[in-house]
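Read through the structure below, which is laid out as structure tokens, and then see the notes.
Counting convention: from 1, in listed order, for ligands and their atoms alike.
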Amino acid sequence: MNGFMPVQASTWAAQVDWINWLITVIAIFCTVAVTGVMLYFAVKHRRKSDKDETPYITHNTSLETVWTVIPTIIVIYMFYYGTVVYREMRTPPANSIEINVSGYSWGWNFEYPNGKVSAAELVVPLGQPVRLIMRSQDVIHSFFVPALRIKEDVLGNIYTYLWFNPIVLGDFHIFCAEYCGMGHSGMLGTLKVVTPEQYQDYLVDKKPAGAVELPPLELGKKLFSDTGCKTCHSIDGTASIGPTLKGVFGHKVELVSGETVDADENYLHESLVNPAAKIVKGFQPVMPPQAGLSEKDLAGLIAYIKSLSEG
Ligand code: CUA
């Protein structure tokens, strides 16, 4: 049945799946058994003539004992097993790596213990406990990694926590599991589980281990699709939550203030770092500052936006 579920990438994923399947199978069994017997009896013992009388049956002690004791044992087992796993999931080990998670409409930023920040991609070392300290910059989001079997709401006024110990190398989906507005379905991220050596390189190098140095245009194109820009900005000329980026560079842009500005490199840079500074006419100031991006990343995105005004 495991082909139906995501990879079991955390220490407790197999336990979570076991109790989940157990409860599902028991629920299906009980539903089918109870309705099945009910339908069977309704047909078998239906009133066949006007003279039929309902027999007087008081009880059956052994039958009642069996259907009380067996379900009680099963339910206590479910509760016990669920409690043990839940306790483990809520008790991070003292040696956990602490990573700050910041959710916003619509994306994720991560900050590592040494101050490194990344956008949309969470890199963690294999086999080491990681504790996530999560907060939202705006509305309620929910951090969900199916492969780890973890999910927790991310709120604006308090920190919420998750922890996990990844046991499988590879890339896994991060979803937002709380409907948070138009860009909700695009609020995606990638969990990258790497070796401890690659993790150290990642922290120091400020770029993923083994990553090829991309030219600015390619880097910008990749960031554009990886970090969630595309959720709000089209590249084909249609307006969405944000203005389209096609044909912006090198042209005049009208702002809500009534001013007109030239869309040059400095304008694009400012609009990425401090989006509220110049709001384009006809749009809401909803874009969050792109804190997770380095100057190199910003230059890449600017190069990409420029390319959308060519040809
Ligand atoms: Cu954030 Cu849905």
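Counting non-hydrogen atoms of other residues, nucleotides and ligands closer than 6.0 Å to CE of M78 gives a total above 12. By the neighbour-count criterion of 12 heavy atoms within 6.0 Å, atom NE2 of H45 is densely surrounded, having more than that number from other residues, nucleotides or ligands.
Comment: K252 engages D262 in a salt bridge, judged by a side-chain N to carboxylate O separation of less than 4.0 angstrom. We find that E270 and K278 are joined by a salt bridge, their nearest charged nitrogen and carboxylate oxygen being less than 4.0 Å apart.
In this structure, F143 and W108 have perpendicular ring planes: the angle between them is above 60°, well past the 30° mark.
Distances from atom 1 (Cu) of ligand 1 under 2.8 Å pick out these protein N/O/S atoms: H141 ND1, C176 SG, C180 SG, M187 SD.
Taking the ring centroids of W12 and W18, they lie at or beyond the 6.0 Å cut-off.
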